[in-house]
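Note that this is a predicted model, so its numbers are computed, not measured. Below, chains carry the letters A, B, ... as their sequence lines are ordered, and counting in each starts from 1.
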Number of protein chains: 2
Amino acid sequence: MTKRLVPATPATLDETDRALLAALAADARQPVSELARRVGLSAPSTAERVRRLEAQGVIERFTVQIDPRALGFTLQAIVRVKPLPGQLHLVEDVIRRIPEFVECDKVTGDDCFICRLYLHSIEQLDEILSKVTERAETSTAIVKSTPVARRLPPLG
Amino acid sequence: MTKRLVPATPATLDETDRALLAALAADARQPVSELARRVGLSAPSTAERVRRLEAQGVIERFTVQIDPRALGFTLQAIVRVKPLPGQLHLVEDVIRRIPEFVECDKVTGDDCFICRLYLHSIEQLDEILSKVTERAETSTAIVKSTPVARRLPPLG
DNA sequence: AATGAAAGCTCTTAGAC
DNA sequence: GTCTAAGAGCTTTCATT
């Protein structure tokens with residue numbers, strides 16, 4: 001697997017690149033030969049474009065989307081975290097080390113962190129948040145449904 | 001590509017399945033032969049397990065993680081959206097139709113929706129939110145960094 | 001459920017435009 | 001940057017345990 005060489009800020013993507021990205025987003029495991037058919041190029045050219053997109057850092061990684069329920073995670077919560085004075089870095093470390101926090105962004109405004117938490121049960125919420133509440137105020141919202149599941153932004 | 005047959009709530013995953021999922025999460029495009037080496041099975045068995053995980057709905061899809069900056073999205077925002085009375089469904093539709101909203105969860109509590117928004121510039125924030133603010137109160141936080149990028153929850 | 005061997009595809013490399 | 005062609009490598013099928 002070719003690895004990122006550049007931090008990828010400017011990247012000139014033509015129509016073929018965009019079509020490739022869209023096709024890969026829909027099914028990352030489809031063979032190069034099929035990708036090639038979709039974008040109207042030969043297999044070698046297609047393979048090289050995919051490698052180039054990886055090397056440029058446009059493609060960060062090929063991955064799999066797993067249904068959390070299949071792993072026993074029946075609940076999802078969005079937690080806003082406001083560290084107590086002087087606890088910011090420690091709070092960040094604590095979050096990073098709890099694997100049930102599957103995502104965390106540091107944001108502007110009163111709440112410093114906004115995180116997504118996977119839970120096996122509602123009881124587990126207290127269990128996990130207790131590790132954070134020593135050092136931060138938290139505000140939790142339970143996910144009832146997901147009107148928009150992670151999708152690609154407009155490629156145009 | 002085999003498609004989901006069951007809503008996947010109970011799924012008995014053994015150690016090999018978990019190892020497979022972890023390997024696929026790290027690189028979804030690696031060949032079955034390599035996956036087979038990693039989990040210590042033959043290629044045919046490995047291929048069948050991957051198909052089974054897809055059919056069970058454990059694997060939702062194979063996809064690609066793209067650097068938003070490569071597409072010109074230099075900013076990310078987390079927007080909390082509280083629809084005005086009677087506007088809930090319309091607000092949900094509006095969000096769904098704006099492709100820059102790359103993710104949206106409906107949650108318990110005062111703010112009905114929590115969404116992730118990709119932006120080309122700070123000016124675009126007003127432009128996009130103006131389509132929502134006719135029907136909802138919004139509260140926006142700009143992402144400064146991402147201490148935890150989307151990761152797999154614990155497979156144990 | 002898993003394996004090994006063989007047939008059939010797919011990927012990559014090489015050389016040319 | 002792209003193509004065709006051919007060898008290398010991968011995936012799948014099937015008979016077997």
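- Separating the CD atom of B/Glu48 from the C1' atom of C/dT3 is a distance of 12 Å, rounded to the nearest angstrom.
- Residue B/Thr140 forms a side-chain contact (heavy atoms from CB on, under 4.5 Å) with just one option from B/Val81, B/Ile78, B/Leu125, B/Leu117, and that option is B/Leu125.
- A salt bridge between B/Glu48 and B/Arg52 is absent, with no side-chain N of the basic residue lying under 4.0 Å from a carboxylate O of the acidic one.
- No salt bridge links B/Glu54 with B/Arg51; every basic N to acidic carboxylate O contact stays at or beyond 4.0 Å.
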Quiz prompt | Under 4.0 Å protein heavy-atom contact, by nucleotide of nucleotides 5-17 of chain D - B base, S sugar-phosphate only | solution = B----SSBB----

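- Contact between the side-chain N/O atoms of B/Ser42 and the OP1/OP2 oxygens of C/dG4 is not found at any separation under 4.0 Å.
- If you take CD of B/Glu15 and P of C/dA1, they are 17 Å apart, rounded to a whole angstrom.
- Between A/Ser45 and the phosphate of D/dC3, there is a side-chain N or O to OP1/OP2 separation shorter than 4.0 Å.
- A donor atom on one side chain and an acceptor atom on the other are found under 3.5 Å apart for A/Arg38 and A/Gln30.
- Look at CG on A/Leu41: it is 15 Å from P on C/dT12, rounded to the nearest Å.
- B/Leu13 has its CG atom 13 Å from the P atom of C/dA1, to the nearest Å.
- Side-chain N/O atoms of B/Arg49 include none lying less than 4.0 angstrom from OP1 or OP2 on C/dA1.
- Under the 4.0 Å criterion applied to side-chain N and carboxylate O atoms, A/Glu103 and B/Arg116 are assigned as salt-bridge partners.
- Ion pair A/Glu100/A/Lys131 not flagged as a salt bridge, since none of the NZ, NE, NH1 or NH2 atoms sits closer than 4.0 Å to an Asp/Glu carboxylate oxygen.
- In this structure, A/Leu35 atom CG and D/dT2 atom P are separated by 14 Å, rounded to whole Å.
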